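Notes for the one structure printed next.
Keep in mind the model is a prediction, meaning the values are calculated, not measured.
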Amino acid sequence: MATKTKFALSDITRANKIFSATRTTIETAFYGNNVREVTTVADAYTLAAQSPKVIVTDQPILHTDELGLPPHAKMLVDNHGAIVGRTAAARHFINNPAENPAALNAILREAIYNNHQRSFFKTSVMVGLDEDFMLKSHLLLPSGYEFNLLSYLLNFQAVTAEYTRRYQRSVPYNEGDIYLYCDPEWHDDRYPQGLVIIDADHNAAAVLGLRYFGELKKTTLTLAWATAHRNGYTASHGGEKAIHFSNKADKVLAFYGLSGSGKSSLTHAKHDGKFAITVLHDDAFVISREDGSSVALEPAYFDKTNDYLPGSKEAEYFTTVMNVGVTLDANGQKTLVTEDLRNGNGRTIKSRYASTNRVDKESAPITDIFWIMKDDSLPPVLRLDDPITATTFGITLATKRSSAENVDPASRDALVIEPFANPFRAYPLSEDYHDFKELFTNHQVNCYIVNTDAFGGQDIPKKVTLGILEDIIADQKTDLWRPFGNLPHISYLPLTDYPVDFTNQDYCHRLKTRLEIRLQWLQDYAANHPHENLPSEIKETLMSLIANV
């Protein structure tokens with residue numbers, strides 16, 4: 001099996017690297033008399049549909065048999081209060097030198113102890129959908145949160161007879177199963193925004209004081225990505241699809257960007273049927289550093305409902321829905337208000353059947369990486385032809401926050417740096433730098449930047465970005481790329497509506513300022529992470545670019 005659930009008595013010792021104080025504290029809670037196990041999606045649905053906090057709409061869920069749901073299951077709605085997004089400030093890593101592990105573990109023990117009189121549910125899923133990479137994850141959460149229990153089973157892969165057989169054939173790793181403890185009603189004045197304790201080295205975490213389902217999803221992925229990284233994979237918070245040709249090698253494209261940047265749109269774009277396409281996933285996958293193949297971590301999609309109007313084809317594939325409105329249609333039936341009228345960041349677990357071209361593993365090696373940025377100093381597309389330059393822009397990926405995150409709304413238009421578009425990293429950033437650089441160096445992966453914000457005062461709509469992508473896929477306009485001023489190893493594709501003018505001093509100043517922001521971020525990161533040494537070549541590359549503007 002891929003990860004370990006059971007142990008020989010001789011292996012249950014402090015010397016076993018799978019065990020730790022945090023992991024042992026969390027796993028032990030799973031075996032209490034106050035815990036009831038839910039083993040099927042159908043049982044979880046029945047529990048969720050009966051929850052007082054849940055609205056049972058009149059909209060049917062499609063593919064109930066394949067999803068393990070009751071045949072007449074309807075879309076369920078669960079709405080939260082003020083907080084409707086992820087709270088990054090709540091995350092605390094046990095292995096962070098700035099943290100006090102003993103104090104965090106004491107808080108964890110007290111939280112679990114104080115819940116002995118409450119009823120809990122536990123369930124298990126698989127993370128990773130191919131025998132090359134499959135992990136088992138266990139969730140424990142209190143009665144009253146059955147909606148999140150069901151969403152967890154629908155977002156990840158429920159344990160079925162078929163997947164149990166596949167799991168038994170999967171590549172074994174010397175890692176323990178993932179254990180995730182959750183109590184949304186926990187409160188401590190010292191942590192007014194909640195507390196997420198993560199022990200990534202030992203595949204255990206606790207989510208305390210937070211209701212949003214995305215906390216469970218991303219905490220699980222944090223642990224899975226860390227496990228993948230330790231075992232020869234590059235962790236990827238992004239989307240991937242393959243373009244299949246009959247007369248040349250396939251192209252495998254990966255898109256890295258935060259929620260709202262366009263990665264899902266680019267991943268799922270069908271390009272009017274011009275190409276034969278398969279989609280791996282739009283949010284979570286891993287890339288083998290040995291052969292360049294990729295494995296999806298989840299079957300479903302955690303999508304913004306605002307992107308789909310009522311009656312649209314995509315909205316037919318919703319299952320559980322959160323932080324949205326409900327109203328009555330012309331026939332008096334309860335139906336979803338999909339646009340963000342109630343609040344920002346309405347979300348749904350959309351089933352895999354929304355994609356007729358889904359695959360769970362892409363055997364062909366990755367060929368092209370796209371850093372999706374929101375930086376108005378950059379034209380709609382740039383090509384980076386040097387591994388160090390390509391990885392430098394990945395580690396200083398510039399973007400803007402979205403409503404998916406619980407941050408001050410005033411900060412959403414500010415330019416921020418999010419290395420490799422992955423705020424869920426649980427290991428040194430330098431290791432991600434080396435992982436991605438290895439893809440560019442050893443696997444000759446091409447690298448591009450696509451700006452989905454604005455340039456020269458003009459917005460860059462999706463159709464422009466898709467047109468650029470189609471030209472790259474079809475190897476068109478390859479002779480039109482031009483040097484990006486005097487900046488080494490960077491070229492751009494001229495577009496009539498987005499002229500690049502290096503004689504414009506205002507533009508040069510803006511570009512230089514954006515590069516200096518990246519350099520300042522790098523220096524601040526080094527100052528705030530004294531135990532981690534990023535390669536000096538990153539700073540040298542940025543300084544060279546700044547000098548050549």
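- Without hydrogens or angle criteria, Asn16 side chain to Ile12 main chain gives no donor-acceptor distance under 3.5 Å.
- In this structure, the side chain of Arg289 engages the main chain of Tyr233 through a donor-acceptor pair within 3.5 Å.
- Side-chain contact annotation: His63 with Glu66, donor-acceptor N/O pair under 3.5 Å present.
- Residues Tyr45 and Lys74 approach most closely at OH-N, 2.8 Å, considering heavy atoms.
- Taking CG of Leu67 as the reference point, atom CD1 of Ile349 lies at 11.5 Å (rounded to 0.5 Å).
- Using modelled atom types and a 3.5 Å distance limit, the side chains of Asn105 and Thr22 yield a donor-acceptor pair.
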Quiz item: Step by step, would you call Phe255 with Phe370 a ring-ring contact (aromatic ring centres under 6.0 Å, His included)?
Solution: CA-CA 5 Å; Phe255 307 94; Phe370 295 80; 5.1 Å; yes
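- The minimum heavy-atom distance between Leu150 and Ala48, with the atom names listed, is CD2-CB, 4.0 Å.
- Residues passing the side-chain hydrogen bond (donor to acceptor under 3.5 Å, both in side chains) test with Gln157: none are found, sequence neighbours excluded.
- A side-chain donor from one of Ser294 and Glu240 sits under 3.5 Å from a side-chain acceptor of the other.
- Here the CG atom belonging to Leu216 is positioned 11.0 Å from the CG atom belonging to Leu221, to the nearest 0.5 angstrom.
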Practice problem: Output, in order, the C-alpha distance, side-chain angles, deciding distance and verdict of side chain to side chain contact (heavy atoms under 4.5 Å, CB included) for Tyr173 and Arg230. | Solution: CA-CA 10 Å; Tyr173 295 106; Arg230 291 193 294 267; over 6 Å; no
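- Looking only at atom types and distance, the side chain of Thr335 has no donor-acceptor partner in the side chain of Asp329 under 3.5 Å away.
- The CG atom of Leu135 sits 8.0 Å away from atom CG of Leu297, with the distance rounded to the nearest 0.5 Å.
- Under the 3.5 Å distance criterion, with hydrogens and angles disregarded, a donor-acceptor pair is assigned to the side chains of Thr320 and Ser151.
- Judged by distance alone, the side chain of Lys17 and the main-chain N or O of Asn174 form a donor-acceptor pair under 3.5 Å.
- Two residues are said to be in side-chain contact when any heavy atoms from C-beta on lie closer than 4.5 Å; Arg518 and Phe393 meet this criterion.
- With Tyr179 as the aromatic partner, Arg23 does not meet the cation-pi criteria of under 6.0 angstrom to the ring centre and within 45 degrees of the ring axis.
- Within the 6.0 Å centre-distance limit, the rings of Phe213 and Phe302 are counted as a close aromatic pair.
- Checked by atom type and distance alone, the side chain of Lys350 never pairs as donor or acceptor with a backbone atom of Asp303 at under 3.5 Å.
- Taking both residues in full, the closest heavy atoms of Asp340 and Gly346 are given as OD1-N, 3.0 Å, listed atom of the first, atom of the second, then distance.
- Leu258 has its side chain out of reach of Lys374: every pair of non-hydrogen atoms, C-beta onward, lies at least 4.5 Å apart.
- A donor atom on one side chain and an acceptor atom on the other are not found under 3.5 Å apart for Thr348 and Tyr308.
- A salt bridge links Asp283 with Lys263; the closest basic N to acidic carboxylate O contact falls under 4.0 Å.
- A heavy-atom distance below 4.5 Å is not found between the side chains of Asp188 and Leu208.
- Note that the NE2 atom of His138 and the OG1 atom of Thr220 stand 11.5 Å from one another [nearest 0.5 Å].
- Checked for salt-bridge contact, Asp78 and Arg211 miss the test: no charged N lies under 4.0 Å from a carboxylate O.
- A side-chain donor-acceptor contact under 3.5 Å links Thr46 to the backbone of Ala42.
- The shortest distance between side-chain heavy atoms of Phe436 and Tyr256 falls below 4.5 Å.
- No donor-acceptor contact under 3.5 angstrom links the side chains of Thr3 and Glu175, judged on distance only.
- A distance-only check finds a donor-acceptor pair linking the side chain of Asn203 to the backbone of Gly176 [under 3.5 Å].
- A 4.5 Å side-chain heavy-atom check between Val84 and Arg347 finds every atom pair outside the cut-off.
- Shown here for Leu129 and Pro299, the closest heavy-atom pair between the two residues is CD1-N, 3.5 Å.
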Quiz item: Does the side chain to side chain contact (heavy atoms under 4.5 Å, CB included) test come out yes or no for Leu141 and Tyr152, once each step is laid out?
Solution: CA-CA 11 Å; Leu141 81 178; Tyr152 198 74; over 6 Å; no
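- Donor-acceptor pairing under 3.5 Å is recorded for the side chains of Asp189 and His187.
- Side-chain atoms of Arg342 and Asn323, non-hydrogen and from C-beta on, do get closer than 4.5 Å to each other.
- Looking only at atom types and distance, the side chain of Thr87 has no donor-acceptor partner in the side chain of Tyr212 under 3.5 Å away.
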Exercise. Just do the side chain to side chain contact (heavy atoms under 4.5 Å, CB included) check on Thr267 and Val279 with the steps written out, would you?
Key: CA-CA 7 Å; Thr267 302; Val279 172; 3.8 Å; yes
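- Distance check, rounded to the nearest 0.5 Å: CD of Gln59 to CD of Gln333 gives 9.0 Å.
- Cation-pi geometry between Lys53 and Tyr145 is met: the NZ or CZ atom falls under 6.0 Å from the ring centre, inside 45° of the normal.
- Residues Leu534 and Ile395 meet the side-chain proximity criterion, which asks for heavy atoms closer than 4.5 Å.
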Self-check item: Verdict with supporting geometry, Tyr167 and Val159, side chain to side chain contact (heavy atoms under 4.5 Å, CB included)
Solution: CA-CA 9 Å; Tyr167 188 72; Val159 178; over 6 Å; no
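- The two residues Ile287 and Ser236 have their closest heavy-atom pair at CD1-OG, 3.7 Å.
- Checked against a 6.0 Å centroid threshold, the rings of Tyr181 and Trp186 do not count as neighbours.
- Listed here is the closest heavy atom pair of His202 and Ile18: CD2-O, 3.5 Å.
- Residue-environment remark: OH (Tyr113) stays at or below the threshold of 12 foreign heavy atoms within 6.0 Å.
- Between the Glu99 side chain and the His92 main chain, no donor and acceptor come within less than 3.5 Å of each other.
- The closest donor-acceptor contact from the side chain of Asn451 to the backbone of Asp375 lies under 3.5 Å.
- Screening Ile94, Leu223, Val207 against Ile198 for a side chain to side chain contact (heavy atoms under 4.5 Å, CB included) leaves a single residue, Leu223.
- Formation of a donor-acceptor pair under 3.5 Å by the Asn34 side chain with backbone atoms of Phe120 is not found in this model.
- To the nearest 0.5 angstrom, Lys334 atom NZ is 4.5 Å from Asp58 atom CG.
- Between Phe420 and His237 the shortest side-chain heavy-atom distance does not fall below 4.5 Å.
- For Arg36, the CZ atom counts as loosely surrounded, since its 6.0 Å shell holds 12 or fewer non-hydrogen atoms of other residues, nucleotides or ligands.
- Using a 3.5 Å distance cut-off with no hydrogens or angles, the side chains of Asn115 and Asp183 do pair a donor with an acceptor.
- Between the side chains of Ser264 and Tyr301, not a single donor N or O lies within less than 3.5 Å of an accepting N or O.
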